[in-house]
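Reviewing the structure listed below.
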Amino acid sequence: MTKVYYDQDVTVKALEGKKIAVIGYGSQGHAHSQNLRDNGNDVIIGIRAGKSADKAKEDGFEVFSVAEATKQADVVMILIPDEQQADVYAAEIAPNLEAGNAIAFGHGFNIHFGTITPAADIDVFMVAPKGPGHMVRRQFAKGSAVPALFAVFQDATGNARDIAIAWAQGVGATRVGVLETTFKEETETDLFGEQAVLCGGTTHLVQAGFETLVEAGYQPEIAYFEVLHELKLIVDLMYEGGMEKMRYSISNTAEFGDYVSGPRVITPDVKDRMKDVLTDIQTGAFAKRFTDDYKAGFPDFHAMRAKQQGHQIEAVGAELRKMMPFVNEQQ
Ligand code: NDP
Ligand code: MG
Ligand code: MG
């Protein structure tokens with residue numbers, strides 16, 4: 001089992017006396033900055049004018065342009081969307097860094113794929129909580145935390161690792177455990193997970209199931225309940241206790257059908273195609289496609305999004321969810 005770091009392993013107060021700038025105040029940005037501030041750190045926000053900037057001011061932060069916040073800070077955590085980071089880094093962050101400063105990320109994408117190349121005299125680390133920002137903040141406020149990964153890409157000062165671990169403590173994660181990774185491992189596994197299983201795999205599995213039932217003449221509303229709505233119950237059980245707890249809770253009929261039909265749907269060639277997806281991630285082909293599309297104004301992205309939004313399952317779901325106001329209540 002890999003080493004897990006807890007509060008008692010944080011022996012160096014590496015953020016003490018340091019000025020911290022969090023760049024971006026969205027999902028991850030608001031959570032990192034509020035948790036670090038509550039843990040006694042000196043945090044300012046670097047952001048463009050707009051909704052997030054107003055929110056950060058409302059939440060009591062000093063708010064500056066990205067360039068000005070970078071200039072003032074010793075440690076700069078970059079939490080704007082991945083596709084925008086390279087441009088913002090070149091224009092506003094890099095020119096305002098000094099030797100011995102540290103930059104940090106919540107995901108390794110730009111460093112790993114080389115769209116950001118930091119100067120050699122800068123520390124570069126990552127702290128990536130394994131959950132969405134609202135959960136990172138909510139668990140912290142309850143006295144708990146979401147686990148996190150940390151990694152050091154470049155240790156210019158000799159203190160980069162201590163700063164990364166101190167950041168993981170500042171965001172609360174050492175309360176429950178922090179694991180060390182590399183930029184390469186975090187980036188490639190994160191992209192693979194979201195593409196092959198969590199986002200791409202799941203949505204397309206659900207859609208294929210929905211289409212199979214509807215094309216066979218069953219009512220779309222019934223199909224929606226069976227293949228999408230009930231997915232949450234199954235995922236919650238897996239989340240709580242793995243496949244075993246889920247299979248323990250479902251009926252024997254469902255469990256028997258799981259063993260008989262699961263392998264008929266997810267055949268060995270599906271795994272071969274997962275390997276192809278992983279290869280495209282490892283070679284940088286996916287990153288290039290995403291970055292090129294961003295530079296062209298995201299034409300493919302917008303077309304694919306529009307096509308998916310037009311799927312029948314979305315219209316059927318929108319109607320059915322009106323019967324179920326509880327689905328949007330915070331659990
Ligand atoms: P969000 O989209 O939630 O927030 C982005 C923030 O950046 C907003 O405050 C936005 O402000 C600001 N912003 C956007 N463009 C610029 C710009 N050009 N200059 C200044 N500020 C800008 O991002 P996330 O929190 O989802 O993602 C941030 C990072 O965290 C990414 O690297 C992502 O991979 C990583 N991550 C995200 C997770 C998640 O659960 N969302 C989980 C783990 C890692 P405005 O309101 O003005 O648009
Ligand atoms: Mg991701
Ligand atoms: Mg059923």
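Because only heavy atoms are used, hydrogens play no part in the values below, and waters and symmetry mates are left out as well, while side chains stay in. What you see is a predicted model; the values in this text were computed from it and never measured. Atoms within a ligand are numbered from 1 in the order they appear, just like the ligands themselves. Position 1 is the first residue of the sequence, and the numbers go up from there.
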Carboxylate-amine/guanidinium proximity below 4.0 Å for [X] and [Y]:
X: Asp258; Y: Arg247; answer: yes
X: Lys295; Y: Asp87; answer: no
X: Asp293; Y: Arg289; answer: no
X: Arg37; Y: Asp59; answer: no

Asp74 side chain to Lys18 main-chain N or O, any donor-acceptor pair under 3.5 Å?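 No: the side chain of Asp74 does not pair with the backbone of Lys18.
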Is a side-chain N or O of Gln28 found less than 3.5 angstrom from the main chain of Gly106, in a donor-acceptor match?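 Looks like no, no N/O pair under 3.5 Å.
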Identify the closest protein heavy atom to [atom]: which residue and atom is it, and at what distance?
atom: atom 2 (O) of ligand 1; value: Pro81 CG, 4.0 Å
atom: atom 40 (O) of ligand 1; value: Pro132 CA, 3.2 Å
atom: atom 15 (N) of ligand 1; value: Gln84 OE1, 3.2 Å
atom: atom 21 (N) of ligand 1; value: Ile80 CG2, 3.6 Å
atom: atom 44 (C) of ligand 1; value: Gly106 O, 3.4 Å
atom: atom 11 (O) of ligand 1; value: Ser52 OG, 3.1 Å

NE2-CZ distance between His107 and Phe183, expressed to the nearest 0.5 angstrom: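 So the gap between those two atoms works out to 10.5 Å.
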Could you measure the distance from the CG atom of Asp280 to the CZ atom of Phe192? Nearest 0.5 Å is fine.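 It is 11.5 Å, given to the nearest 0.5 Å.
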Is the Phe113 to Phe109 ring centre distance short of 6.0 Å?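 Ring centroids of Phe113 and Phe109 are less than 6.0 Å from each other.
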Counting the benzene-type ring for Trp, do Phe61 and Tyr25 have ring centres under 6.0 Å apart?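 Distance test on ring centres: under 6.0 Å, yes.
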Polar contacts were defined as any N/O atom of the residue lying under 3.5 Å from an N/O atom of the ligand; does this apply to [X] and ligand 1?
X: Arg48; value: yes
X: Tyr25; value: yes
X: His107; value: no
X: Gly50; value: no

Ligand-side contact atoms (ligand 1) for residue partner Ile47, heavy atom cut-off under 4.0 Å: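 That gives atoms 9 (O), 11 (O), 12 (C), 21 (N) of ligand 1.
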Out of all atoms in ligand 1, which are within 4.0 Å of some heavy atom of Gln85? Include the element for each.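 Atoms satisfying the 4.0 Å criterion: 32 (O).
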Are side-chain N/O atoms of Gln207 and Gln308 paired as donor and acceptor at under 3.5 Å?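 Yes.
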Relative to [atom], which among [options] owns the nearest non-hydrogen atom?
atom: atom 24 (P) of ligand 1; options: Gly108, Gly24, Ser27; answer: Ser27
atom: atom 6 (C) of ligand 1; options: Gly131, Ala53, Gly26; answer: Gly26
atom: atom 34 (O) of ligand 1; options: Asp82, Ile45, Val66, Val136; answer: Asp82

Quick one: does ligand 1 sit under 4.0 Å from the side chain of Val88, the backbone, both or neither, non-hydrogen atoms only?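 The side chain, only.
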Pick one of side chain, backbone, both or neither for how Gln28 approaches ligand 1, counting any non-hydrogen atom pair under 4.0 Å.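 Both the backbone and the side chain of Gln28 come within reach of ligand 1.
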Can you name the N, O or S atom of Glu194 that is closest to the Mg ion (ligand 2)?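 Nearest N/O/S atom: OE1.
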Which atom, among the N/O/S set of Asp190, is closest to the Mg ion (ligand 2)?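 So the atom name we want here is OD2.
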Yes or no on salt bridge (charged side-chain N to carboxylate O under 4.0 Å, His left out) for Glu180 and Arg161, after CA distance, side-chain angles and deciding distance? CA-CA 10 Å; Glu180 186 162 10; Arg161 202 160 177 282; 2.6 Å; yes
